[in-house]
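Scope of the values below: all heavy atoms of this structure, side chains included, with no hydrogens, waters or symmetry mates. Below, chains carry the letters A, B, ... as their sequence lines are ordered, and counting in each starts from 1.
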Amino acid sequence: MFTKAKLAGLAAGISFLALGSAQAVEIEYWQYVFDSRVQAMDKLIENFEAANPDITVKQTTFPYADYQTRVVAAKVAGQGPDVVQLFYGWLDQFVAGGLIQPLDPAVFPHAEIESDFFSIVSAMKRGEDYYGLPTAVRSLALFYNKAIFDEAGIEPPTTLDELLAAAEATTKRDGAGNITSAGITMDMAGQDHHWWRENLVRQFGGEPYDAEGNVAYDSEAGAAGLKFYTDLQTEYNVGLQGFMDEGQAAFRAGLAAMTIDGTFRLGAFASNPFEWGVVELPANAEGVKSNYSSYFANAIGATAEGEELEAAQKFLAYISSPEAMEIWLETVGELPARRDVALTEANLADPILAPFLSGLEYAHTTQFYDEAGQRQVAIDMVNRVLLEGQSIEDSVAQAAEAEQAIIDAARQ
Amino acid sequence: MTATTASTTELAANRRDIRPGRIITWTLLLIGGLIMVTPLLFMFSTSLKTAGQVYDLKLIPAAPTLDNYIKVLGDGRFMQWFLNSTFIAITVTASNVFFDSLVGYTLAKFEFRGRYFIFLAILSTLMIPTEMLVIPWYLMSSQLGWLNSYWGIMFPGMMTAFGTFLMKQFFEGVPNDFLEAARVDGLNEFTIWWKIAMPMVVPAISALAIFTFLGNWTAFFWPLIVTTSKELYTLPVGISSFSAEASIQWELIMTGAAIGTIPTLLVFLALQRFIVRGVMLAGLKG
Amino acid sequence: MASVHAYQQTGRVRFWDRLNISTKRVIWAWTFLALPILFYAGIRFYPTFQAFWLSLTNWDLLRPAQFIGLANYQKMFVDPVFWKVFQNTFLYLLVGTPLSLLISFVIAYYLDRVRFMHGFIRALYFLPFLTTAAAMGWVWRWFYQPVPIGVINGLLSSIGIEQQPFLRSTTQALPSVLVPAIWAGLGFQIIIFMAGLRAIPGTFYEAARIDGLGDWAILRKITIPLLKPTTVFLVVFSSIGFLRIFDQVYNMTTNDPGGPLNATKPLVLMIYQTAFSSYQMGYAAAQTVVLFTILLIVSLLQLYVLREKK
């Protein structure tokens, strides 16, 4: 049944495949699901493949909650990614699990890393090795809805007291007292827990963690910080946890005057049907400012070797390049991780980017051992006060205990 | 709305005239039924609204539009998920119809040592919840390379104890004479099963097919775990991930849910009598 | 598959033909069962043992598994979150099963007597059963939103009742998640009850009427007792369903899974999180063994309590 013609065609096809596969290396890139980041990565892959016709990059994404497990499970199955994205706070677990390999200093010289990138890249160093490089870094700022602010005739706030006043002036309620448009969003599962941790606690005179990394917010300052937050709902009724399901959802719908969020939200907010602006996170009465900065870094998978390792290194170099960072900034809104790409005149003058860049200057980067677990502690802490009426001090104490347990368990 | 009295009912005792009580009962039942489908009605109505109109909570959209459907179906993912679910549901159903019947028939109609033991062993698997097997299945799949593949989604459900038990019950009701006659005619056992016995239990087969198809079409837990890339999601997993990403765009979320529901609704409306009879049959024998 | 060896030359009878009929049939039987037995052994039995074994180790995908005896179980039984989850799981069962069976029986009882538009009304009750739990989780989640986007709260506000937090309250969250689960299962239960009702011969009723019994007495003395097998089936079936609830909870609480404050978390969600968010496979396996035990005990208990008393 195999005619000569078919045989010839088959042979040609096979040899073509063999030839093709000898030339093209395929590497896999993994990140978690977030619309604008996936889109940005698609663009970067396109550019990279155009410049490197012998390499193809396949992007795979997972929901954030399962992300770590997937990476670990893939490694167990021997099928890990070649280039993988990870939250800086996961580095310990990834290194301990043998999921990533240190960057080759010949390809990524340390001196360059230290001079070109923002100093927070040092969180990717363990011992003498750097394990990854970020494309972008993020900080927090206060987004506000210009239309609602104009309606109320007020200016964006610069201090906590002004924040409260602005929220009160812009909250809309119905006849029964239910909020129909919030003054400020309350969403501990979003970025609010960072705001509480690195901002409010410090602004009320304390610190979230001590020099050894142990919980230190079980104090008057911590309680005061929590009180400020929960009062927004219980005392002043200017916000409602769970309103519109998520804080960023309320803001996008034009039903919240202010929201605290990070640079990664800029891409999503770009299509808002109303005018909005950004200001730095409010200082306290004494002018103390703080911020939380963080980043996702890209690392090289432990299973990459030979041709794939080379391709992976090239890809990692590209996605950490100034060009890639510009694209990322455009598409996602996150700040470039390289100093000179971020701190350009244009960026510093940009009314949207400037507050984030300023925030980066005085930001703290929390050392997370189990980011999801520690976030849950904060969510539960607020819920106990708001839903079960627990006293502020008790809730803070309980949260401190729970979080310390997580930290202790991770350090074993 | 006059309640007619088609008096040829099975419950012969209910040969009563129309009384106010019955009209009230009928009305209450109707209202109850309408309440039951209210969530579905709202789902459809919201899927026809624009983002701004979502806040106007009326049931009938002021200016219905198909834009949401165009947008959601347009990016191709839903079609892919739909095809995945269809392929998987059909394949698993076919496998169940074949194997569950075969095993049920064997256990019902053959005498051999160990028959009761095998029967009990298979029955005992009913007690094992899939949730307990999910972790070993996941490990097995990752070691054998079945993760993120059609086979990985399908393999746990290819045969079920429930289906086997159901078919066994029905095969027991098949008279042996037909089978003996066929043996005398020289047909081999497989042909006897396939050509003689199976046609005699068609109602059972259709009941099994309906349950298996529905169960696999709406399955969520295992497909969620075993799939990693979006192209391979089944429809429920796809709708879940789509909705989580769409966050506040409720009109799109409702559209996604509607797209997941419409196919089964259409099939049901076309085959209602058939399906209900199948469910009843399964319940009686179960 | 007719012959194994065919020695024609010496005139020996073929091996296959020498077997008697019953032996042949036994071979056929085992042939039919070969693949299925392999399947059940490999897909059901072996993983079960593996799950039990894993529950006695501390495997977390990264380090090799180490035998730690009953440490996982000890850890579980002192974890307050586990007991909250245990409580939730039983709440789902103890509220869900009686409520849904009661409602579905009442509806089946009256629906069975309806002739006019019977098919239409029956379809109305059955449609929710055909929906996908994951998708419906999102629909109901939207229902429960606060003003201004929530339908239920919008309704309450318009008639002057204070709006309810539903999914955002530690007390209302579990019932709120339970409602879609009950809602979806009613159709199936109604149909099964109706099948059971129709299986009762009309002669019983005729005899009862002749004896002068009223409707209520007939219900108590004839209908309900004769429905026992159906009822037992539904009790066991829906109990297992409620104890294993997952799809609705997962999709309705994505922001704070099982929350708020673990108010809605059932055992299956805890298993999922332990295994696939924290990748503690050993501990998760122990939780699945607990689930298995609960299901087994509850089912056996129900079958015992509801058995035919002669």
Least distance between heavy atoms, B:Met159 atom then C:Arg44 atom: O-NH2, 4.3 Å
Aromatic centroids of C:Trp28 and B:Phe110 separated by under 6.0 Å: no
Heavy-atom pair with the smallest gap, counting every atom of B:Met140 and C:Gly42: CE-O, 3.7 Å
Winner by heavy-atom pair count (cut-off under 4.5 Å) against chain B, out of C:Trp53, C:Trp142, C:Tyr46, C:Phe292: C:Trp142
Taking every non-hydrogen atom, the tightest pair across C:Phe32 and B:Glu189: CZ-C, 4.1 Å
Minimum-distance pair of heavy atoms, taken over all atoms of B:Met36 and C:Trp183: O-NE1, 2.7 Å
Option in B:Thr106, B:Leu28, B:Leu34 with maximal non-hydrogen atom pairs under 4.5 Å from chain C: B:Thr106
Polar contact flag, side-chain donor to acceptor under 3.5 angstrom, C:Tyr109-B:Thr25: no
Partners passing side chain to side chain contact (heavy atoms under 4.5 Å, CB included) against B:Leu214 (at least two apart in sequence or in another chain): B:Thr264, C:Phe129, C:Leu130
For chain C, the option from B:Tyr138, B:Tyr105, B:Trp193 that forms the most heavy-atom pairs under 4.5 Å: B:Tyr138
Side chain C:Arg25, main chain B:Phe112, donor-acceptor under 3.5 Å: no
Chain B contact via C:Gln145 - which portion, at a heavy-atom distance below 4.5 Å: side chain
side-chain contact (heavy atoms from CB on, under 4.5 Å) between B:Glu131 and C:Leu291, intermediate numbers included: CA-CA 8 Å; B:Glu131 287 80 11; C:Leu291 177 69; 3.6 Å; yes
Whether C:Phe188 and B:Phe211 hold their rings parallel, tilted or perpendicular, with breakpoints at 30° and 60°: perpendicular
Heavy-atom pair count under 4.5 Å with chain C, highest-scoring of B:Ala258, B:Gly256, B:Ser240, B:Pro236: B:Ser240
Region of B:Arg183 that comes under 4.5 Å of a non-hydrogen atom in chain C: side chain
Among B:Leu30, B:Thr261, B:Ile239, residue most engaged with chain C (heavy-atom pairs, under 4.5 Å): B:Leu30
Portion of C:Leu35 that has a non-hydrogen atom of chain B nearer than 4.5 angstrom: both
Under 4.5 Å from any heavy atom of chain B - which part of C:Phe143: side chain
side-chain hydrogen bond (donor to acceptor under 3.5 Å, both in side chains) assessment of C:Tyr40 paired with B:Thr164: CA-CA 12 Å; C:Tyr40 285 109; B:Thr164 309; 3.2 Å; yes
Solution key, residues 122-130 of chain B side-chain donor-acceptor pairs under 3.5 Å, sequence neighbours excluded:
from: B:Ser124; atom 1: OG; to: B:Ala121; atom 2: O; distance (Å): 2.6
from: B:Thr125; atom 1: OG1; to: B:Ile122; atom 2: O; distance (Å): 2.5
from: B:Thr130; atom 1: OG1; to: C:Arg244; atom 2: NH2; distance (Å): 3.1

C:Tyr250 versus chain B, the contacting section by heavy-atom distance below 4.5 Å: side chain
Flag, side chain of B:Trp26 to backbone of C:Val114, donor-acceptor distance under 3.5 Å: no
Mutual orientation of the aromatic rings belonging to C:Phe246 and B:Phe221 [parallel < 30°, tilted 30-60°, perpendicular > 60°]: perpendicular
